[in-house]
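This structure is a prediction, so every number in the text was calculated from the model and none was measured. Convention: sequence-line order gives letters A, B, ...; per-chain numbering from 1.
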There are 2 protein chains.
Amino acid sequence: MRVTGDLALVKKLNKSIVLDTIRRNGPLSRTDVSERTGLNKATVSNLTLELLEQKLVEETGLGESSGGRKPLMLLFNGAAGCVIGIELGVTLVKAALTDLTGGILAERSAPLAGQDPEAALAVVRETVKPLLEAMPDTPHGLVGIGIGVPGMVDESGLILYAPNLGWEGVDLRSRLEETFGVPVVVDNEANVGAAGEREYGAGRHVRHLVYVSAGMGLGSGMIIDGQLYKGAWGYAGETGHMSIESDGRLCSCGSRGCWELYASERAYAYVSEAGSTPLPASTTSELAAHARSGDAAVLDLYREIGRRLGIGITNLVNGFNPEKIVVGGPLTEAKEWIEPAMLDTIAERALPYHRRELAVSFSELGSRSAVLGAAHLAVSQFLGRVRVSL
Amino acid sequence: MRVTGDLALVKKLNKSIVLDTIRRNGPLSRTDVSERTGLNKATVSNLTLELLEQKLVEETGLGESSGGRKPLMLLFNGAAGCVIGIELGVTLVKAALTDLTGGILAERSAPLAGQDPEAALAVVRETVKPLLEAMPDTPHGLVGIGIGVPGMVDESGLILYAPNLGWEGVDLRSRLEETFGVPVVVDNEANVGAAGEREYGAGRHVRHLVYVSAGMGLGSGMIIDGQLYKGAWGYAGETGHMSIESDGRLCSCGSRGCWELYASERAYAYVSEAGSTPLPASTTSELAAHARSGDAAVLDLYREIGRRLGIGITNLVNGFNPEKIVVGGPLTEAKEWIEPAMLDTIAERALPYHRRELAVSFSELGSRSAVLGAAHLAVSQFLGRVRVSL
DNA sequence: AAACTTTGTCTATCGGATAAACTAAGTCTT
DNA sequence: AAGACTTAGTTTATCCGATAGACAAAGTTT
């Protein structure tokens, strides 16, 4: 059954508009909010009153007069509650306790021993425990948990398939909700990374964003009109398996020429193939060190990876026309040597109109994109946004 | 300024829900509508009254009793007005007069002589003229015009760039609105095709749809959550320039290995390259005739085109996870010989989960996808849909 | 024919948004 | 310093649409 209109909906919508306006542009006076939103002053006053009672908004004192009575400034109260953002990696669990503005209050991480769901869940519980103990006293307490996982997640939070963990059909959301007693949001790692960069990082205020997460694989999180796009069944963003060589290298997915074989850490394994000198190391950290000392083979490798990244990004750009592309993930440790070739390739190959306006940049949050994005999804669910389009 | 909530919005939303419910599921009684939508019976009665006054809904008489008073059945009145859908091709203008349900009342087409905007506009006017004369007398008369063009169109209807016409920055919408005095919707050819197939063709009731239009080039129309996705500046869907061979054939766009060089009619020009026998013809109609009589070179060609179409479609599927892919456009005249290789390739290369649920099919509306889609966009704008997401 | 069912309307009420009047609290002018 | 002016925020009366529930209308079943 669809959403129908009634007074409750109107109120919910307007309240969400007022809160959002204050959150993004505060401090603001009631009159400012009224002018910005188009809502009547009385309406703003009423809704603000409720937000004050809910402790989501604070009066921070008088502002500057502009020739009349001084305004009482309103500010979003990020300290009204806490959330926990978790990144469940293949070998590592990272978690952060944040306030409602994404400010980190505490952080933990732990290696992931076994990979069966039970063992992983135990590690998650252990990692989160000290964060809960460190939680300050707030009006709302813990309001939610967000978690990013390396796999495909449907709209209900069910992990459909996580090849690198060997999981299939794991209802992580229910399990965590039972454990912690708060609402849980589960999403793909690239998606939460996209959410993080869009809210707190390189993609602020961007309507259409593609976040490319490059590590052992390659995945994309796509934000369309400010919202994560998950596709029909939650498999959107598997761009690592976009073929950029129709008859290229055979991939474990069964296809050929997949992007991630050329433009992620998986490319390291193929270097000797070209007959060139073998690589002096096999991890990005080590290779970055060699690059820093001028190792020609490594520099070539990263130039080629940059070029291939550029080719794939160009494909995404031509299909999606995002406002911005943000590249993140472990591979960005080598961004210094990847970036020039990547940008050159995009400049060469993207359609002229895209080139003119497109912005491509690297992650601003670094290794925290995912935890912060996961945290943000939880905040976002707690604050509950209503959207209307005519 | 954003949309805020007030009573007018609530009414607009509910009225749009009622109309939509009747339109898609009619005939229905008022009680049926109330049950389906969750709206109160009184609300439905009130809104229906207005819709009856606006002639958008008709009472078609009494229905079957289910043990009590007979219901008065309501039906969407497609004859309340007319729209015109236009496909502005590179060499041909096609136009259709339809009612509000997409029923074709009259059709015209005319070759496009010169390609400068003024000449094209004159041809459009001449093509539309007899349709206007054939227009039946309806309560609302002509309520809008939709037009699909081979180029990139931004959200305001401005044609940013149409390489095949040599147009740049043409405000077709304003021009046509001045001429005809009704609201005009302009969009990309692939987008209107997508709209057509989704409303009246192979993509009915599909939430996320990708329509691939294959002709002299290759373009996609993407429908996300029931709405056309245009990207940040209207360039989304330029998938013809997705590279499927990183260092492949040089394309006129400046890039290499573009999909449309391998999987559209542009591929015909490259056959001799492989050293094989030259093609016996150069248009799809002629080649289809040769295929029908078993010409091996032509059959090979179409097998290869099918394979390449499959590769590109797999890429789109992995990125977007649409519910359905519909292939249309002039090239589908040869679908008989393209389809097997295309489907095999997708089955081989798509990720296992996609494969399981994805539906790929050819256009149901054939050469009318675009005109009907354009007409539908005009209808849709006239009826005005409001959407709320929580 | 009486009881029951279903359809659709009528009526009173509720709860939001709004404009306009009003109070509060400042600045500016002379 | 006093009055005029400005701006901020609240109060009041009004409007409007959705809703529940009563009711009327028009069937069917026994």
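Put simply, the side chain of B/Glu323 never gets that close to the backbone of B/Val206: no donor and acceptor are under 3.5 Å apart. A donor-acceptor pair under 3.5 Å is absent between the side-chain atoms of A/Asp225 and the main chain of A/Gln227, judged by distance alone.
With respect to B/Ile104, the side-chain contact (heavy atoms from CB on, under 4.5 Å) criterion is satisfied by exactly one of B/Leu372, B/Leu97, B/Val371, B/Asp99: B/Leu372. The residue from B/Leu47, B/Asn14, B/Leu56 that alone fulfils the side-chain contact (heavy atoms from CB on, under 4.5 Å) condition with B/Leu19 is B/Leu56.
A 4.5 Å side-chain heavy-atom check between A/Arg23 and A/Leu383 finds at least one atom pair inside the cut-off. With contacts defined as side-chain heavy-atom distances shorter than 4.5 Å, the pair A/Leu132/A/Ile84 qualifies. Using a 4.5 Å cut-off on side-chain heavy atoms (C-beta onward), A/Tyr229 and B/Ile224 make contact.
Listed pair B/Arg30 / C/dT9 meets the phosphate criterion, a side-chain N or O lying under 4.0 Å from OP1 or OP2.
A straight line from CG of B/Asp32 to C1' of C/dG8 spans 12 Å, rounded to a whole angstrom. In this structure, the CG atom of A/Leu7 is 12 Å from the C1' atom of C/dT13, given to the nearest Å. Taking atom NZ on A/Lys15 and atom P on C/dG16, their separation rounds to 10 Å, with Å as the unit.
Looking at every heavy atom in both residues, B/Leu105 comes nearest to B/Thr98 through CD1-C, 4.0 Å.
Sorted by residue number, the members of residues 40-52 of chain A with any non-hydrogen atom under 4.0 Å from DNA chain D read A/Lys41, A/Ala42, A/Ser45. Proximity of residues 64-71 of chain B to DNA chain D (heavy atom under 4.0 angstrom from any strand atom) is restricted to B/Ser65, B/Gly67, B/Gly68, B/Arg69.
Residue-to-nucleotide proximity on DNA chain C shows that, of A/Leu39 and A/Leu62, the 5′-proximal contact is made by A/Leu39.
The footprint of chain B on DNA chain D, defined by a heavy-atom cutoff below 4.0 Å, extends from D/dC16 to D/dT28.
Of the charged side-chain nitrogens involved, at least one lies within less than 4.0 Å of a carboxylate oxygen, so that A/Glu50 and A/Lys11 count as a salt-bridged pair. A salt bridge links A/Asp20 with A/Arg24; the closest basic N to acidic carboxylate O contact falls under 4.0 Å.
Note: A/Phe320 and B/Phe320 have parallel aromatic rings, judged against thresholds of 30 and 60 degrees for the angle between ring planes.
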